[in-house]
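Along the sequence shown, residues carry numbers from 1. As the structure is a prediction and not an experimental result, all values here were calculated from the model.
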Amino acid sequence: MKLSVVGSGYVGTTIAACFADLGHEVTAIDIDQSVVDSLNRGEAAIHEPGLDELLADHVGDRLTATTDYSAITDTEVTFLALPTPSNKDGSIDTSIILAAAEAVGEALANKTDRHLVVTKSTVTPGTTQTEIAPAVREAAGDRSKRISFGMNPEFLREGTAVDDFLDPDKIVLGTEAGDEWGVDTLDAVFAPLVEQTGAPVVRTGIREAEMIKYANNAFLATKISLINELGNICKEYGVDAYEVADAVGLDDRIGEQFLRSGVGWGGSCFPKDVAAIIAAARQQGYEPELLSAAVGVNDRQPGRLVDLLTSHVDPAGKRIAVLGLAFKPDTDDIRNSRAIPLIQSLLDQGASVVAYDPVAADNMRENYPDIEYADSAAAALDDADGALVVTDWPEFADLDGEFDEMASPVVVDGRRIIERRDGIIYEGLTW
Ligand SMILES: NC(=O)c1ccc[n+]([C@@H]2O[C@H](COP(=O)([O-])OP(=O)(O)OC[C@H]3O[C@@H](n4cnc5c(N)ncnc54)[C@H](O)[C@@H]3O)[C@@H](O)[C@H]2O)c1
Ligand SMILES: O=c1ccn([C@@H]2O[C@H](COP(=O)(O)OP(=O)(O)O[C@H]3O[C@H](CO)[C@@H](O)[C@H](O)[C@H]3O)[C@@H](O)[C@H]2O)c(=O)[nH]1
């Protein structure tokens, strides 16, 4: 099939490359010329394992990128993978996706065949039908009756995006009631993936598909906050929260995943999406107390990490190493990284911060241009008076003699990645 994907960020680039890998002809559309140029060179503008290999296989053949929306008319289905950032009250700002929807509609004004527009972005229930569809339809004018709408939430994780997309736990396809052409067309897009993986397909309504995405993320974020809360209690008792979590996770009803306690959840999704569903619930007149508490626990974890550091060393005037800047390993994404409140807190206390991350330093430099960035964990630790471990990059697990070069070997581990050993003053956040 011929598909177009509007927005070539973490989601858009991944799904465009994966759809091409599944045999579709894909046109990626982005307003940023440098993103388009980079894609057409076969290079992703983001760091995501496996993506460059897929681009190398398919760019120039089944995958091309352009800034020209008119390319949509030559495709059957358009996926909208645009950002849906937070407003100040946590609700989603739909201005970017609506601007793109309008541009899609303008392009479709020149198309005679039927077309399916699918929301891939995370949007609150009702957004596709009450905001996106009207924006597309109004711009498409007389052609608007030939346009169907769908919603296909994305569950990929950064760092494992390609594998997650190509081996999903589920595929959720939301379409409008009675739109058999829409159902069949969306089914056809995913048929090669379903055939390849046997993944369960959930066929549902558009509002339900929109809500499933928020329910998924709210559940996972709350699960982490719950294990963090229990971990904080464990720490008070001197009990190892990881031993507790390992045992608790053996219960099938709980499951072993997302029970790693530590400095909390960051990234472009959990904080934004939990805030959005809280704001949406409030707009409907419902106060979601449990979700607010999950945010509260998450907001407190970085402060607890700094408190553990200051219980051993006063950061004022001291060189403090921050190991890990990305919100999780295997990505260069620093959106809502726990490193941000930690660096800010250290700077507020007069510390001299030296940061290290294998791939995310350049992105963090835009937020904090004046702190020192080391080329390696060893260089960051050299002569430091304390270290905070913020991201569980596998290379940190190999650190050992590097700690001996610290001026004072206080190591506060926010991700349980450092080996506790003689010669360092080790503090785990929940263990
Ligand atoms: N990042 C994830 O892991 C993830 C996973 C699942 C769902 N989501 C959701 O997917 C959506 C996209 O997220 P993302 O992280 O890929 O965003 P992103 O910020 O990485 O990328 C967005 C891209 O859209 C482009 N863009 C902006 N306005 C445009 C326009 N008018 N026309 C064409 N292109 C335009 C930007 O240049 C950018 O390349 C969000 O709703 C997000 O919540 C994200
Ligand atoms: O046991 C755990 C698991 C994760 N995290 C943290 O949680 C955050 C999010 O991690 P993860 O979910 O792996 O990455 P994301 O790329 O943010 O993926 C989430 O958000 C995406 C965007 O909506 C969804 O598509 C995914 O299904 C959902 O897992 C990171 O800061 C992790 O360090 C923990 O603290 N403990």
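At distances below 3.5 Å, not a single donor-acceptor pair connects side-chain atoms of Thr127 with backbone N or O atoms of Val123. With Thr13 contributing its side chain and Ser8 its backbone, the two residues share a donor-acceptor pair below 3.5 Å. Judged purely by atom type and a 3.5 angstrom limit, Thr197 uses its side chain to pair as donor or acceptor with the backbone of Leu193. A donor-acceptor contact shorter than 3.5 Å links the side chain of Ser225 to the backbone of Ala294. Looking only at distances, no side-chain donor or acceptor of Thr119 sits under 3.5 Å from a matching main-chain atom of Ser121. Checking side-chain atoms of Asn87 against main-chain N and O of Ile92 turns up a donor-acceptor pair under 3.5 Å. In terms of modelled atom types and a separation under 3.5 Å, the side chain of Ser376 and the main chain of Ala379 share a donor-acceptor contact. Using modelled atom types, no side-chain atom of Glu76 and backbone atom of His115 make a donor-acceptor pair closer than 3.5 Å. Side-chain N or O atoms of Asp392 include none that pairs as donor or acceptor with a backbone N or O of Ile417 at under 3.5 Å. The backbone N or O of Val390 sits less than 3.5 Å from a side-chain atom of Arg415, completing a donor-acceptor pair.
Closest of all the heavy-atom pairs between Gly182 and Leu116 is O-CD2, 4.0 Å. Across Val183 and Thr175, no two heavy atoms sit closer than the pair CG2-OG1, 3.2 Å. Ala387 and Leu381 make their closest contact through CB-CD2, 3.6 Å (heavy atoms, listed as atom of the first residue, atom of the second, distance). In plain terms, the two heavy atoms of Asp30 and Gly9 that are nearest each other are OD2-N, 4.5 Å. Nearest heavy atom pair, residue Ile147 against residue Ala140, reads CD1-CB, 3.6 Å. Shortest non-hydrogen contact noted between Asn232 and Arg304 is OD1-NE, 3.2 Å.
The line from OG1 of Thr94 to CD1 of Ile132 is 8.0 Å long, rounded to the nearest 0.5 Å. One finds the CG atom of Leu173 at 4.5 Å from the CG atom of Leu186 (value rounded to the nearest 0.5 Å). Note that the OG1 atom of Thr128 and the CD atom of Glu210 stand 3.5 Å from one another [nearest 0.5 Å]. Note that CG of Leu325 is 13.5 Å distant from CZ of Arg338, once rounded to the nearest 0.5 Å. Distance check: Phe270 CZ to Asn336 CG gives 12.0 Å after rounding to the nearest 0.5 Å. Here the CG atom belonging to Leu429 is positioned 7.0 Å from the CG atom belonging to Asn228, to the nearest 0.5 angstrom.
Within a 6.0 Å sphere centred on CD of Glu287, other residues, nucleotides and ligands contribute more than 12 heavy atoms. Around the CD atom of Glu419, the shell of radius 6.0 Å holds no more than 12 heavy atoms that belong to other residues, nucleotides or ligands. Within 6.0 Å of atom CD in Glu256, 12 or fewer heavy atoms from other residues, nucleotides or ligands are found, so the atom counts as exposed in its surroundings. Applying the 6.0 Å contact sphere to CG of Asp375 captures no more than 12 heavy atoms from other residues, nucleotides or ligands. Shown here is Asp61, whose CG atom has more than 12 heavy atoms of other residues, nucleotides or ligands within 6.0 Å. Residue Asp252 qualifies as open at atom CG: its count of foreign heavy atoms under 6.0 Å is 12 or below.
The shortest distance between side-chain heavy atoms of Val389 and Val322 does not fall below 4.5 Å. Looking at heavy atoms from C-beta onward, Arg335 lies in side-chain contact with Tyr10 at the 4.5 angstrom threshold. When side chains are defined from C-beta on, Ile227 does not count as touching Phe258, because their heavy atoms never get closer than 4.5 Å. Between Thr391 and Phe327 the shortest side-chain heavy-atom distance does not fall below 4.5 Å. Side chains of Leu54 and Val162 form a contact here, defined as non-hydrogen atoms less than 4.5 Å apart. Looking only at side-chain heavy atoms (C-beta outward), Thr75 and Thr27 come within less than 4.5 Å of each other. With contacts defined as side-chain heavy-atom distances shorter than 4.5 Å, the pair Trp265/Val297 does not qualify. In this structure, Asn363 and Asp333 have side chains that are not in contact, with every pair of non-hydrogen atoms separated by 4.5 Å or more.
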*asked:* Between Lys2 and Asp74, is the salt bridge (charged side-chain N to carboxylate O under 4.0 Å, His left out) condition met? List the steps.
replied: CA-CA 7 Å; Lys2 289 186 170 180; Asp74 193 34; 3.6 Å; yes
*Report the C-alpha separation of Val189 and Met1 in whole Å, then their side-chain angles, then the decisive distance to 0.1 Å, and conclude whether the side chain to side chain contact (heavy atoms under 4.5 Å, CB included) test is met.*
CA-CA 7 Å; Val189 172; Met1 292 177 81; 3.8 Å; yes
*Between Thr78 and Ser4, is a side-chain hydrogen bond (donor to acceptor under 3.5 Å, both in side chains) present by the stated rule, with each step listed?*
CA-CA 5 Å; Thr78 301; Ser4 40; 2.8 Å; yes
*Asp357 vs Val359, side chain to side chain contact (heavy atoms under 4.5 Å, CB included): CA-CA, chis, key distance, verdict*: CA-CA 6 Å; Asp357 189 284; Val359 298; 4.0 Å; yes
*Test Arg282 against Asp89 for salt bridge (charged side-chain N to carboxylate O under 4.0 Å, His left out), laying out the working first.*
CA-CA 10 Å; Arg282 283 184 182 146; Asp89 66 353; over 6 Å; no
*Please walk me through it: do Thr124 and Tyr214 pass side chain to side chain contact (heavy atoms under 4.5 Å, CB included)?*
CA-CA 8 Å; Thr124 42; Tyr214 282 100; 3.7 Å; yes
_For Tyr69 and Glu106: C-alpha separation, side-chain torsions, deciding distance, then whether side chain to side chain contact (heavy atoms under 4.5 Å, CB included) applies._
CA-CA 9 Å; Tyr69 270 84; Glu106 282 165 9; over 6 Å; no
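Salt bridge Glu154/Lys120: present, at least one basic N to carboxylate O contact under 4.0 Å. A salt bridge links Asp362 to Arg365: one of the charged nitrogens lies within less than 4.0 Å of a carboxylate oxygen. A salt bridge is defined here as a Lys NZ or Arg NE, NH1 or NH2 lying under 4.0 Å from an Asp or Glu carboxylate O, and Asp21 with Arg62 fails to meet this definition. Ion pairing between Glu158 and Lys328 fails under the 4.0 Å rule for side-chain N and carboxylate O.
Remark: the Asp68 side chain and the Thr66 side chain contain no N/O donor-acceptor pair separated by less than 3.5 Å. Side-chain contact annotation: Asn152 with Lys213, donor-acceptor N/O pair under 3.5 Å absent. Between the side chains of Asp167 and Gln196, not a single donor N or O lies within less than 3.5 Å of an accepting N or O. Between Glu372 and Tyr356, the side chains place no donor N or O within less than 3.5 Å of an acceptor N or O (distance only, hydrogens not considered). There is a side-chain donor-acceptor pair under 3.5 Å between Thr84 and Lys272. With hydrogens and angles left out, the side-chain atoms of Ser148 and Asp179 include a donor and acceptor closer than 3.5 Å.
A centroid separation of 6.0 Å or more is found between the aromatic rings of Tyr373 and Tyr368.
Ring geometry for Phe19 against Phe190 counts as perpendicular: the plane angle is over 60°, on a 0 to 90° scale with 30° as the lower cut.
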